[in-house]
Amino acid sequence: MEGYLRAASEADMEILFEWANEPLVRQNSFSVKEISYDEHKKWFTRLLKDPHQKQYMYIQDGEAIGQARICLDGAKAKISYSICADKRKMGYGKRILWEVCRLAKQDFPWVETFVGEVKPENTASQKAFLSAGFLEKSYTYEARANQWEAGLSEERGVHMGNFLSEEELKNLGLKAYGKDVLIGRHAVLYSPQSLSVGNHVRIDDFTIISGNVTLGDYIHVSQFCGLYGGEAGIEMEDFSGLSSKCSVYAVSDDYTGGSMTNPMVPLAYRPGMISGPVRIRKHAVIGCNSVVLPGVVVEEGTSVGSMTLCNKSTEPWSVYMGIPARRTGERKKEILNLEQQFLEDMKNG
């Protein structure tokens, strides 16, 4: 279940007092002095009445696990946040920052910039601000407020109204799907019960998917693509992608004349059908207008140039171009270091 922010109330005073005096919170605060209960009570009472500040609580699975506060200074809004001790290093920092910016933009529509100040030794918060889309300015982190206008996907630059809502995803009847899944309203899924989708996956409009298809994590299938899995199936592993107008076939008719063609003809009259599982391995990318034929394995790290016909399996970490595809060179592997850094930042954010 996705977490959410709500406005704080008097009932939250006690837990906020406990969090405020946690050793790490005091260490990372610009004022490290322990806070007395009387000081906290007076401060919190003033806070709830102050039109220039707003306190939010982050709720996950029905439990408050973090907090965020907005302090207004004209068109700027200063952000501070914290997470309870047993929920740190689980990726909640970035989510809290996203949510507080989105809600604050609704509550204070005149705000133009969000600002976060972080001590040099507080590397966890530095990573959270950066992964949330803020820009670093000497341990101050800033972001334009319109990044979080209602309906925008925070850092993807797309309008969320173009994609199916969570409720619509539930009603699709997918075999399985994870979190942060974006499926365009004009994508066509002929057999959703055979489609498995991982986490952080985007399928753009005018793409057609049929048959057995499995998509891993962090995958983008661009506009006007076709994935025809049939019974053999197509699998795209993590961080792989298809540029626009790619066609991937795990099943195909025989065009030599020894077999009839097209799906309106019964299989008995199409004995020459070709079928074989297609695997697009991790970090493989396929350029626009390219075609992948049945039985092909696009190995890890393969980069396929635009308008290429992949009729044979590739070698790992290689570049392919042409009709038919031919190997033209090696692909750099620095991407693996970036992947490791990215996943660590997501975990610690």
Side-chain angles (χ1 to χ4, degrees), residues 164 169 171-178 181-184 186-198 201-217 219-282 284-300 302 304 306-314 320 323-325:
L164 299 179
L169 283 175
N171 294 331
L172 273 181
L174 297 174
K175 183 177 181 180
Y177 73 96
V181 172
L182 301 178
I183 297 181
H186 301 290
V188 179
L189 310 179
Y190 284 150
S191 48
Q193 71 280 3
S194 300
L195 173 60
S196 295
V197 182
V201 174
R202 174 172 152 184
I203 301 170
D204 286 346
D205 284 332
F206 312 113
T207 284
I208 296 175
I209 299 179
S210 67
N212 293 319
V213 175
T214 300
L215 306 179
D217 296 342
I219 285 175
H220 180 212
V221 179
S222 192
Q223 303 98 326
F224 295 100
C225 286
L227 287 81
Y228 307 100
E231 292 296 325
I234 297 168
E235 180 182 2
M236 293 182 65
E237 296 184 359
D238 300 350
F239 299 105
S240 61
L242 302 178
S243 188
S244 59
K245 301 180 182 179
C246 287
S247 298
V248 182
Y249 299 92
V251 59
S252 176
D253 280 316
D254 174 10
Y255 295 100
T256 64
S259 176
M260 294 186 73
T261 65
N262 93 57
M264 302 307 293
V265 175
L267 289 175
Y269 302 93
R270 299 158 62 197
M273 281 189 65
I274 303 164
S275 178
V278 173
R279 301 292 181 263
I280 300 175
R281 301 295 191 197
K282 195 173 182 181
V285 288
I286 299 178
C288 65
N289 286 295
S290 292
V291 176
V292 180
L293 294 183
V296 167
V297 177
V298 182
E299 287 288 357
E300 178 176 320
T302 296
V304 175
S306 61
M307 301 181 70
T308 294
L309 174 64
C310 295
N311 61 345
K312 294 181 181 179
S313 297
T314 69
Y320 283 80
I323 303 176

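- Shown here for Ser194 and Gly211, the closest heavy-atom pair between the two residues is CB-O, 3.3 Å.
- If you take SG on Cys288 and CD on Gln223, they are separated by 11.0 Å, rounding to the nearest 0.5 Å.
- The distance from the CG atom of Leu215 to the CG atom of Leu227 is 7.0 Å, given to the nearest 0.5 Å.
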Salt bridge (Lys or Arg N to Asp or Glu O under 4.0 Å) between Glu300 and Lys282, worked out: CA-CA 5 Å; Glu300 178 176 320; Lys282 195 173 182 181; over 6 Å; no

Worked check of side chain to side chain contact (heavy atoms under 4.5 Å, CB included) between Ile219 and Ser240: CA-CA 6 Å; Ile219 285 175; Ser240 61; 3.8 Å; yes

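- Closest approach of Pro271 to Gly258, counting heavy atoms only: CG-O, 4.2 Å.
- Counting heavy-atom neighbours within 6.0 Å of Met273 CE, excluding the residue itself, gives a total above 12.
- Taking the side-chain contact (heavy atoms from CB on, under 4.5 Å) definition, one finds that Asp205 meets it with His186, sequence neighbours left out.
- One finds the CG atom of Leu267 at 12.0 Å from the CE atom of Met260 (value rounded to the nearest 0.5 Å).
- Val296 and Asn311 get closest at one heavy-atom pair: CG2-C, 3.6 Å.
- For the atom pair CD of Glu299 and CZ of Arg279, the computed distance is 11.5 Å after rounding to the nearest 0.5 Å.
- In this structure, Val278 and Ala250 approach most closely via the heavy-atom pair CG2-CA, 4.0 Å.
- Of the possible donor and acceptor atoms, none in the side chain of Asp238 sits under 3.5 Å from a partner among the backbone N and O of Gly216.
- Judged as a ring pair (Phe, Tyr, Trp, His ring centres under 6.0 Å), and not counting sequence neighbours, the contacts of Tyr228 are Tyr249.
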Worked check of side chain to side chain contact (heavy atoms under 4.5 Å, CB included) between Asn289 and Ser306: CA-CA 6 Å; Asn289 286 295; Ser306 61; 5.7 Å; no

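- Pairing each heavy atom of Ala187 with each of Asp204, the nearest pair is CB-O, 3.8 Å.
- Separating the CG atom in Leu172 from the CG atom in Leu189 is a distance of 6.0 Å, to the nearest 0.5 Å.
- In this structure, Ser196 and Thr214 have side chains that are in contact, with non-hydrogen atoms separated by less than 4.5 Å.
- In this structure, Leu174 CG and Leu195 CG are separated by 5.5 Å, a value rounded to the nearest 0.5 Å.
- Side-chain contact between Leu242 and Ile280: present, with at least one pair of heavy atoms (C-beta onward) separated by less than 4.5 Å.
- Listed by first and then second residue, the salt bridge (charged side-chain N to carboxylate O under 4.0 Å, His left out) pairs involving residues 240-261 are Asp253-Arg270 (not counting sequence neighbours).
- Formation of a donor-acceptor pair under 3.5 Å by the Ser290 side chain with backbone atoms of Met307 is found in this model.
- Across Leu169 and Val181, no two heavy atoms sit closer than the pair CD1-O, 3.6 Å.
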